[in-house]
J.: 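Sharing a structure here in structure tokens format.
If you read the sequence from its start, that first residue is 1, and numbering goes on from there.
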Amino acid sequence: RAETLKAGISAAMEQLGASSDTAISSQINDVATANVYLRISVDSSQLIASDSPETLVFVFARAVNGPRMPLAVKKLRLADLPIDIVLTDQDKMAGRSILGHKQVIVGAKLARSGQALSRSGDLESIEHTVEVLPTAAKVHRINLDIRQTK
């Protein structure tokens with residue numbers, strides 16, 4: 001619930017014209033364990049008529065070495081984009097976590113199929129290897145632009 005509220009606050013601040021760094025700071029408050037800072041956007045020229053504001057967007061982080069199963073996931077909607085987010089230990093999936101990893105691979109996808117697993121026709125970002133930061137002191141945001149068709 002806390003992450004949902006923080007994301008809502010961040011979106012409201014962005015609409016009011018607050019700086020992105022302020023929005024990120026409001027999201028992380030006391031979370032100083034493992035942080036990956038991302039800006040998620042979509043190339044509007046790649047959108048089609050059936051892409052509604054409610055179309056799901058999945059953002060993930062997975063281990064550099066190991067299984068492809070994500071360590072952390074956030075579920076957004078197309079209407080939320082563009083947005084700055086922070087993946088933290090609180091976004092862990094299936095008991096796995098970004099905590100303890102120096103780097104992770106991140107990516108985002110517009111799930112036209114409605115499924116977390118990639119399907120033909122979904123749009124994806126290029127995946128990037130990024131540093132997991134232990135505190136909020138250094139903010140280095142990675143841009144994930146969703147633009148490639150699966």
J.: Give a yes or no answer on whether the side chain of Asp43 reaches the backbone of Ile146 with a donor-acceptor pair at less than 3.5 Å.
T.: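 Flag not set: sc Asp43 to bb Ile146 has no pair under 3.5 Å.
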
J.: From the options Ile142, Ile98, Leu133, Val59, select the one residue that forms a side-chain contact (heavy atoms from CB on, under 4.5 Å) with Val36.
T.: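 Testing Val36 for a side-chain contact (heavy atoms from CB on, under 4.5 Å) against Ile142, Ile98, Leu133, Val59 leaves exactly one candidate, Ile98.
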
J.: Ignoring hydrogens and geometry, is there a side-chain-to-backbone donor-acceptor pair from Asp89 to Ser97 under 3.5 Å?
T.: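 Not confirmed, Asp89 side chain does not pair with Ser97 backbone.
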
J.: Regarding Asp145 and Ser41, is there a side-chain donor-to-acceptor distance under 3.5 Å anywhere?
T.: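 Yes, Ser41 and Asp145 have a side-chain donor paired with an acceptor closer than 3.5 Å.
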
J.: To the nearest 0.5 angstrom, please state how far the OG1 atom of Thr129 sits from the CD atom of Gln103.
T.: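 Reported value, rounded in 0.5 Å steps: 6.0 Å.
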
J.: For the backbone of Leu117 and the side chain of Lys109, can you confirm whether one donor and one acceptor N or O come within less than 3.5 Å of each other?
T.: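 Pair found, side chain donor or acceptor close to backbone of Leu117.
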
J.: Check whether any side-chain N or O of Arg68 sits under 3.5 Å from a backbone N or O of Ala63 as a donor-acceptor pair, and report yes or no.
T.: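 A pair under 3.5 Å: no.
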
J.: Write down the atom of Glu127, the atom of Phe60, and the distance for their closest heavy-atom approach.
T.: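 Smallest interatomic distance, heavy atoms only, reads OE2-CZ, 3.3 Å.
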
J.: Check this for me: does any side-chain nitrogen of one of Asp122 and Arg119 sit under 4.0 Å from a carboxylate oxygen of the other?
T.: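 Between Arg119 and Asp122 there is no salt bridge, as every charged N stays at least 4.0 Å from the carboxylate O atoms.
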
J.: Could you go through Glu124 and Ser118, starting from their C-alpha distance and side-chain angles, then the distance that decides it, and tell me whether this counts as side-chain hydrogen bond (donor to acceptor under 3.5 Å, both in side chains)?
T.: CA-CA 9 Å; Glu124 301 177 334; Ser118 293; 2.7 Å; yes

J.: Ser125 side chain to Ala108 main-chain N or O, any donor-acceptor pair under 3.5 Å?
T.: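 Here the side-chain-to-backbone pair exists.
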
J.: Quick one: do Val73 and Leu76 end up in the same hydrophobic cluster if we chain Ile, Leu, Val, Met, Phe, Trp and Tyr together by side-chain heavy atoms under 4.5 Å apart?
T.: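 Unlinked, Val73 and Leu76 end up in two clusters.
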
J.: Quick one, Arg96 and Met69 - any side-chain contact, counting heavy atoms below 4.5 Å?
T.: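 Arg96 vs Met69: side chains touch.
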
J.: Give a yes or no answer on whether the side chain of Arg141 reaches the backbone of Tyr37 with a donor-acceptor pair at less than 3.5 Å.
T.: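 Not a single qualifying donor-acceptor pair exists.
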
J.: Any side-chain heavy atom of Lys92 sitting closer than 4.5 Å to one from Leu71?
T.: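 Contact flag for Lys92/Leu71 side chains = no.
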
J.: Might you point out which heavy atoms bring Val57 and Arg77 nearest each other, and give the distance in Å?
T.: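 Heavy atoms of Val57 and Arg77 come nearest at CG2-C, 4.0 Å.
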
J.: Of all heavy-atom pairs between Val132 and Ala34, which one has the smallest distance, and what is that distance?
T.: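 Taking Val132 first and Ala34 second, the nearest heavy atoms are CG1-CB, 3.7 Å.
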
J.: Roughly how far, to the nearest 0.5 Å, is CG of Asn143 from CZ of Arg39?
T.: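 Going from CZ on Arg39 over to CG on Asn143, the span is 7.5 Å.
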
J.: Within the 4.5 Å heavy-atom criterion, are Leu144 and His128 side-chain neighbours or not?
T.: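 Touching, per the 4.5 Å side-chain cut-off.
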
J.: Please report the C-alpha distance between Lys102 and Glu131 in whole Å, then the side-chain angles of each, then the deciding distance to 0.1 Å, and finally whether the side-chain contact (heavy atoms from CB on, under 4.5 Å) criterion is met.
T.: CA-CA 6 Å; Lys102 290 184 185 232; Glu131 184 180 358; over 6 Å; no

J.: List the steps, then state whether side-chain contact (heavy atoms from CB on, under 4.5 Å) holds for Gln148 with Ile126.
T.: CA-CA 8 Å; Gln148 304 181 106; Ile126 294 174; 3.6 Å; yes

J.: Is there a side-chain contact (heavy atoms from CB on, under 4.5 Å) between Asp84 and Leu38? Walk through the geometry before answering.
T.: CA-CA 6 Å; Asp84 292 327; Leu38 304 169; over 6 Å; no

J.: Heavy atoms, side chains only, cut-off 4.5 Å: are Asp51 and Arg112 in contact?
T.: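 Sidechains of Arg112 and Asp51: in contact.
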
J.: Should Leu110 and Ile83 be counted in the same cluster of Ile, Leu, Val, Met, Phe, Trp and Tyr side chains packed under 4.5 Å apart?
T.: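 Yes, it is one cluster - the side chains of Leu110 and Ile83 are joined through contacts under 4.5 Å.
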
J.: Is there a side-chain contact between Val104 and Val106 in this structure, where contact means two heavy atoms from C-beta onward sitting under 4.5 Å apart?
T.: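 Yes - at least one pair of side-chain heavy atoms lies under 4.5 Å apart.
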
J.: Compare every heavy atom of Pro70 with every heavy atom of Met93, then report the nearest pair and how far apart it is.
T.: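 Shortest heavy-atom separation between Met93 and Pro70 comes out as CB-O, 3.9 Å.
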
J.: Check for me, please, whether Leu81 and Leu87 land in the same ILVMFWY cluster - side-chain distances under 4.5 Å, paths through other members count.
T.: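 Yes, because Leu81 and Leu87 connect within a single hydrophobic cluster, where side-chain heavy atoms sit under 4.5 Å apart.
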
J.: Can you measure from CG (Asn35) to CD1 (Ile85) and round to the nearest 0.5 angstrom?
T.: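 Answer for the CG-CD1 pair, Asn35 versus Ile85, is 12.0 Å.
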
